[in-house]
Every structure is written in C-alpha cells, then in structure tokens.
There are 2 protein chains.
Amino acid sequence: MTIAEVSKKYDLTADTIRYYEKIGLIPTVPRTEKGIRNFDEESCNWIEFIKCMRNAGMEIEILLEYVNLFKQGKTTVKARKRLLEEQREKLIEKQNNINATIERLDYKLELYDEIILGKRKDFTETI
Amino acid sequence: MTIAEVSKKYDLTADTIRYYEKIGLIPTVPRTEKGIRNFDEESCNWIEFIKCMRNAGMEIEILLEYVNLFKQGKTTVKARKRLLEEQREKLIEKQNNINATIERLDYKLELYDEIILGKRKDFTETI
DNA sequence: TATTGACTTAGAGCTAACTCTAAGTGATAT
DNA sequence: ATATCACTTAGAGTTAGCTCTAAGTCAATA
C-alpha cells in the first residue's frame, strides 16, 4: 500500500504518517526499489494501533517506549505489560474526569432548561 | 483570597490563574487599593468551573465563548445551553474513544498474562 | 517532449496552553 | 535601614504534536 492509500484507510494525513515513521513509532516500513514506502499488514497494524491509542490521548513518548520494548523481543513482555497497565490507569482517571464533567453539564443543562421554560422564578445567574 | 491561596486551594499555578484572568476566562477579579488581586467567592467559583472543564479537555476558546455569553446576561441563556450541549456531545465521544481503548488494553493485558504464565505455546508477538 | 502528479527529503513553521523572565512596588522581619 | 517576600506587569520562551515548504525524483499521459 502507498502512503496515500494508508492515509485514506486510517484517516491520517500522509504528513502525520511520515512523522510517525520518522520518530520511530512505526517500525520497519518496507520500501520499493525506488525508495517509496510500501506498507505491509504489520505496518498497517501498527498505524491502526497508534491511531487508537493517540485518539484516547496517550502520549507519543509513551508509545515510543512501547515500540522500543517491542523491538527488543520476548524479554520485554513483562515491562510492556507494566507500561500498558500504567496507561490503563491513566485512561481510567481521564474517564472519571470526563464522567464527572458530563454529570455537571447535565445538571447545568437541566437548570438552563428550567430557566428557559420559565419554571424558575428565583432566576439567579449560575456560573 | 490572595493568588497564592487560590493557587493552593485549586492546585493551579499563580501563573496559570493570572493567564486565565488576562485572556478573560475569569470575569472581574476584585483588587485591593494596592492593585493586588483579592479573589471573592464568585471568582473562585469561576476558577473551579474552568478547572473542571479544562480537566475534561474542553478548549479555552470554547470556555471563553461561554464566559463572554455569560457576561451579556439573561438574553444569552439559550446560546449558552446550546454551547454546553455541543461540548457535552464532544465529551461523550471522547468517553467512547477512551472506553474502546481501555477494552483493547484489557484484551492485550490478558494476552500478555497468558504469555507470562506460559499458557500460550503459540506465542507470536502481537502488536 | 513537456507537463502533471505522486512520491521523496530536511527542516522550518504553527497552535494551544501554559511557563518563565525581568524589572518593579510595597509591606514586614532583622 | 536593609533585606526578604509576595505581589505586580509585559512579553519572551517552551512543549507536544503535528503541518507546511522547498527542492528534487520518477512514471504516466497530452
């Protein structure tokens, strides 16, 4: 697959994909004799994985650590597990923050509704 | 309350609080005769609100819009509601992304566990 | 044959959200 | 009296994560 095809498939710009490769996030992208990227299944899997993790807000530096551990082979399995567990914890915390904020917004939206419908005579501007 | 006290109370640096005020995120922070910030309850409520929204990842530009609508008074109640509804939708989407990623990590962590415990003879490196 | 279009590179530029620096004021402690 | 400390300002610097530019190669089409 060319970079244009991969770009379309995963909805990432070609620039972003090249950037990810340059910094080492996508190990060993194959090339044609002319030096043009020819993404195979493994490269695509990496891109899909990176995209998913980035969408959840995981930092590139952390992902780089994971990729580098991966490159070192079986001996790093435990370290990789530890890394993913840590990131899982961070995502849980993010989830909690977002949940709390959604609940707060729900409450505010209810108040706004009551104000709009005129159910609140004691209308005081709540932040 | 001085900026130092507010900084401690909400775990934000004084720099961040000054920055928020400068760009207009905290309307009307009172000052002493000497020109020193003297945060009242309303200012604190704004800071707490901004902090909560920022923690969930809401953009400063959006929060500025909200604050500006708020300043214009009752006539903007519907617009404010619309704005908060939009942001709620964005948070739901983020939540979904994070949930999907946590589930994916859970699956990977199980695989890693099986590998570590030697339950997998067919060990092939999964990304 | 000339040009169009997809690819290549190195490296500069951009945006959001802070974070820091320098220079200054004023109240309190030694 | 002098030094320390918390505050003030304007504006420069930083970081993450892209995004764009310029200059070039190569294959296919008018």
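Worth knowing before you read on, the calculation uses all heavy atoms, side chains too, and leaves out hydrogens, waters and symmetry mates. It should be emphasised that the depicted structure is a prediction, and the values quoted were computed from it without experimental measurement. Per chain, numbering begins at 1; letters A, B, ... match sequence-line order.
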For a quick check, with a 4.0 angstrom heavy-atom cut-off, what is the B/S/- contact string for nucleotides 14-19 of chain C, read 5' to 3'? --SBBB
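- Contacts with DNA chain C (heavy atom under 4.0 Å) in residues 85-101 of chain A: none are found.
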Walk me through whether B:K94 and A:T101 qualify under side-chain contact (heavy atoms from CB on, under 4.5 Å). CA-CA 12 Å; B:K94 259 193 202 182; A:T101 306; over 6 Å; no
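- Annotation: proximity of residues 27-47 of chain A to DNA chain C (heavy atom, distance under 4.0 Å) is found for A:R31, A:G35, A:I36, A:R37, numbered in ascending order.
- Atom C1' of nucleotide C:dC20 and atom CZ of B:R18 are separated by 11 Å, given to the nearest angstrom.
- The separation between B:E21 atom CD and D:dA10 atom P is 11 Å, rounded to whole Å.
- For B:T2, no side-chain nitrogen or oxygen approaches OP1 or OP2 of D:dA6 to under 4.0 Å.
- Hydrophobic clustering of Ile, Leu, Val, Met, Phe, Trp and Tyr side chains at less than 4.5 Å, counting indirect connections, keeps B:V77 apart from A:L111.
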Assess whether side-chain contact (heavy atoms from CB on, under 4.5 Å) is satisfied between B:M53 and B:Q87, documenting all intermediate values. CA-CA 10 Å; B:M53 298 299 132; B:Q87 295 310 307; over 6 Å; no
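- Between the side chain of A:Q72 and the main chain of A:N68, a donor-acceptor pair closer than 3.5 Å is present.
- Nucleotide C:dC7 holds its P atom 11 Å from the NZ atom of A:K8, rounded to whole Å.
- For the pair A:L64 CG and D:dA16 P, the interatomic distance rounds to 11 Å; values are reported in whole Å.
- The shortest side-chain heavy-atom distance between B:K108 and A:R80 does not fall under the 4.5 Å cut-off.
- Using cut-offs of 30° and 60° on the angle between ring planes, the pair B:F70 and B:Y66 is tilted.
- Shown here are the side chain to side chain donor-acceptor pair (under 3.5 Å) partners of A:Q95, two or more places apart in sequence or in another chain: B:N99.
- No option in A:L25, A:L12, A:T16, A:L63 other than A:L63 meets the side-chain contact (heavy atoms from CB on, under 4.5 Å) test with A:R54.
- Grouping the Ile, Leu, Val, Met, Phe, Trp and Tyr side chains by contacts below 4.5 angstrom, directly or via other members, places A:I92 with A:L83.
- With sequence neighbours left out, B:E85 forms a salt bridge (charged side-chain N to carboxylate O under 4.0 Å, His left out) with B:K81.
- In terms of heavy-atom proximity, A:I26 sits nearest to A:E21 at CD1-N, 3.9 Å.
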Report the secondary structure of DNA chain D in dot-bracket form, marking unpaired bases with a dot and bases paired to a different strand with |, and treating Watson-Crick or G-U pairs with both distances under 3.5 Å as paired. ||||||||||||||||||||||||||||||
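- Side-chain atoms of A:V29 and A:W46, non-hydrogen and from C-beta on, never get closer than 4.5 Å to each other.
- The distance from atom CG of A:L63 to atom P of D:dC18 is 10 Å, rounded to the nearest whole Å.
- Taking the ring centre of B:F39 as origin, the terminal cationic atom of B:K9 falls outside the region bounded by 6.0 Å and 45° from the ring axis.
- Summarising the geometry, the separation between CD1 on B:I17 and C1' on D:dT9 is reported as 17 Å, rounded to the nearest angstrom.
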